Number of protein chains: 2
Amino acid sequence: MKKITIGEAARRSGVKVPTVRYYESIGLLAAPSRSEGNQRSFEPADISRLAFIRHARELGFEIDAIRTLLTLQDDPNQSCASADAIAKARLVEVEQRIRSLMALKAELETMVEGCGHGRVDQCRVIEVLADHGQCTHSHH
Amino acid sequence: MKKITIGEAARRSGVKVPTVRYYESIGLLAAPSRSEGNQRSFEPADISRLAFIRHARELGFEIDAIRTLLTLQDDPNQSCASADAIAKARLVEVEQRIRSLMALKAELETMVEGCGHGRVDQCRVIEVLADHGQCTHSHH
DNA sequence: CCTACATCCTCTAGCGACTAGAGGTGCAAG
DNA sequence: CTTGCACCTCTAGTCGCTAGAGGATGTAGG
């Protein structure tokens, strides 16, 4: 069992070094054992856990949601209903976010198309921002 | 010229009261004149500026980008090339974000579909998060 | 005029999820 | 033995607000 340094753990999991320490500090990752010279020594399981966290973060899960997911993972006898609920809630959020970004995209396209690279007083970009009534959509 | 209080300005522009003060504090909005009793007194132009900021924030522009847009708006003789560039950059960002959210949506759907509400050790949600290799897409 | 109450004021601290930097120690190669 | 990188802790900063304390002002009713 060779020791895995924090740098090695970071490289293998794709989580940055200071972020690994941060996750430890907020209790998302158990404090690893230390070497003679007080340096962290990780286990392969820690790498998996870090990769799990990284992936969940990439998917936009919040730290608290990840904490719940990790608790579930740690106890495989539990029902996965909570995990399912978290994922479903996230799916709804994502769908909503996509809808609003599509509307936003349309608005930005109108702005950019309308801009004839003239002076500011004829610029659609500024104009549309100044007067929300000209939007191609309405916000909630 | 009746005085516009901060509460009135907030209601008319859709920006919250503490946020108006915050914008003043970071120099996005000029400090308005004050009443006898040291209360802010806004002009109609301030309301427009606040509405402009709010709309730009809704569109996801960062404060610094808005600062630039406002400088352009203040000087209508300038070329609007900068405004155009900012909007175009934002459009690219939004398109990128939509693409990655679509991929994410697909991934979440796989997770939720696969979950048979059994125990955690058969749960796709946990499994997919734990092993990125199972993803239906790859992150950059 | 007095009181009640909403609104205003300044100031500081907190949020999430890191990131950056200072100032110091450990460790492996040449 | 020295060079130089990786590691350590700690604090403070990022962004764009938001919340709260503790107090002053403004307004409407009695």
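The model shown is predicted, which means the values in this text are computed figures rather than measured ones. Every chain is numbered from 1 and lettered A, B, ... according to where its sequence line falls, protein lines coming before strand lines.
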Calculate the interatomic distance between [X] atom [atom1] and [N] atom [atom2]; express it in whole Å.
X        : N       : atom1 : atom2 : value
Asp64(A) : dC15(C) : CG    : C1'   : 12 Å
Phe61(A) : dG16(C) : CZ    : P     : 18 Å
Arg40(B) : dT7(C)  : CZ    : C1'   : 13 Å
Asn38(A) : dT25(C) : CG    : P     : 12 Å
Ile4(A)  : dC27(C) : CD1   : P     : 17 Å
Lys3(B)  : dC8(C)  : NZ    : C1'   : 12 Å
Arg54(A) : dA17(C) : CZ    : C1'   : 16 Å
Ile63(B) : dT14(D) : CD1   : P     : 14 Å

Are Glu8(B) and Arg11(B) within salt-bridge range, i.e. N to O under 4.0 Å?
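Between Arg11(B) and Glu8(B) there is a salt bridge, with a charged N closer than 4.0 Å to a carboxylate O.
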Ion pair check, Asp46(A) and Arg49(A), cut-off under 4.0 Å
no
If you check every side-chain atom of Arg57(A), which of dG26(C), dC18(C), dC9(C) has the closest atom?
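Of dG26(C), dC18(C), dC9(C), dC18(C) is nearest to the side chain of Arg57(A).
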Within the structure provided, determine whether [X] and [Y] are in side-chain contact (heavy-atom separation under 4.5 Å).
X        : Y         : value
Glu95(B) : Glu109(A) : yes
Thr5(A)  : Arg40(A)  : no
Pro32(A) : Glu24(A)  : yes
Val92(A) : Lys88(A)  : no

Mind running a 4.0 Å heavy-atom check of residues 8-37 of chain A against DNA chain D and sending the residues that fall below it, in number order?
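Going residue by residue through residues 8-37 of chain A, the ones with a heavy atom under 4.0 Å of DNA chain D turn out to be Arg21(A), Arg34(A).
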